[in-house]
Amino acid sequence: MAGAEASFPDPDVHAHAAEHIAGSRSSPGNSVRHWPDLKGMHADDVEIKIHSDRPELKVQRVPKDAMVTMDMREDRVRLFVDENDRVVRAPRVG
């Protein structure tokens, strides 16, 4: 939906986060697997962006130093977050 404004309840959302979310729409066959530009953003905004690109993916938030399984899952994206819920690693499918 071109021209739609994104609204956020969190006043700390950066302006570039709104641009990323409002400016990206998925299209048939979209197979984005890696989101390097989302590192440093708030996890809520990152989830919105990932689901706009790939609505079928499950997004998991985990603490930045958490031990996780090493299994590869094509339906999952893990968000490694700090104590302020900011993403500290670039999200990727797996």
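When a residue number appears, it is its place in the shown sequence, counting from 1. Note that the coordinates shown come from a computational prediction; the quantities given were computed from them, not determined experimentally.
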Student: Who passes side chain to side chain donor-acceptor pair (under 3.5 Å) against D82, sequence neighbours left out?
Tutor: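 Result, side chain to side chain donor-acceptor pair (under 3.5 Å) vs D82: none returned.
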Student: Measuring only between side-chain heavy atoms, which start at C-beta, is W35 closer than 4.5 Å to V93?
Tutor: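 Yes, their side chains come closer than 4.5 Å.
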Student: Check whether any side-chain heavy atom of V46 sits under 4.5 Å from a side-chain heavy atom of H42, and report yes or no.
Tutor: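 They are not in contact (no side-chain heavy atoms under 4.5 Å apart), so the answer is no.
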Student: List the atom of P55, the atom of S52, and the distance in Å for their closest heavy-atom pair.
Tutor: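 The pair with the smallest heavy-atom distance is CD-O, 4.5 Å.
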Student: Does Q60 reach the side chain of V77, with side-chain heavy atoms less than 4.5 Å apart?
Tutor: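 Side-chain contact under 4.5 Å: no.
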Student: Please enumerate all residues that pass side chain to side chain donor-acceptor pair (under 3.5 Å) together with D75, with sequence neighbours excluded.
Tutor: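 By the side chain to side chain donor-acceptor pair (under 3.5 Å) rule, D75 matches K58, R73.
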Student: Report the distance from atom CG of D85 to atom CG of D45, rounding to the nearest 0.5 Å.
Tutor: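 Nearest 0.5 Å value for the CG-CG distance: 10.0 Å.
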Student: Who else is in the cluster with V62 when I, L, V, M, F, W and Y are joined by side-chain contacts under 4.5 Å?
Tutor: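 Noted: V62 shares its cluster with V68, F80, V88.
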Student: Hey, could you give me the CZ/CG distance between R33 and D53, rounded to the nearest 0.5 Å?
Tutor: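 Reported to 0.5 Å precision, the distance equals 13.5 Å.
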Student: I want to check something: taking the side chain as every heavy atom from C-beta on, are E56 and H51 in contact at a cut-off of under 4.5 Å?
Tutor: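 No. Closest side-chain heavy atoms not under 4.5 Å.
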Student: Of all the heavy-atom pairs spanning A90 and P36, show the shortest one and how long it is.
Tutor: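 Heavy atoms of A90 and P36 come nearest at CB-CA, 3.6 Å.
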Student: Nearest 0.5 Å, please: how far is CZ in R86 from CE in M41?
Tutor: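 Spacing of CE (M41) from CZ (R86) equals 8.5 Å.
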Student: Please name all residues satisfying salt bridge (Lys or Arg N to Asp or Glu O under 4.0 Å) with K39, sequence neighbours left out, ordered by chain then number.
Tutor: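 Counting only residues at least two positions away or on another chain, K39 forms no salt bridge (Lys or Arg N to Asp or Glu O under 4.0 Å).
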Student: Please check: side-chain N/O of R54 versus main-chain N/O of V32, any donor-acceptor pairing under 3.5 Å?
Tutor: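 Checked: pair present.
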Student: Any non-hydrogen side-chain atom of R89 less than 4.5 Å from a side-chain atom of V81?
Tutor: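 Not in contact.
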Student: How many angstroms lie between atom CD1 of I48 and atom CG of L38, to the nearest 0.5 angstrom?
Tutor: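 The CG atom of L38 is 11.5 Å from CD1 of I48, to the nearest 0.5 Å.
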Student: I'd like to check the salt bridge (Lys or Arg N to Asp or Glu O under 4.0 Å) partners of R76; sequence neighbours left out, ordered by chain and number.
Tutor: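 Counting only residues at least two positions away or on another chain, R76 forms a salt bridge (Lys or Arg N to Asp or Glu O under 4.0 Å) with D71.
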Student: Just so I know, are the side chains of I50 and P91 near enough to count as touching, which here means a heavy-atom distance under 4.5 Å?
Tutor: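 Yes - at least one pair of side-chain heavy atoms lies under 4.5 Å apart.
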Student: Restricting to side chain to side chain donor-acceptor pair (under 3.5 Å), what partner residues turn up for R92, sequence neighbours left out?
Tutor: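 Residues passing side chain to side chain donor-acceptor pair (under 3.5 Å) with R92: H34.
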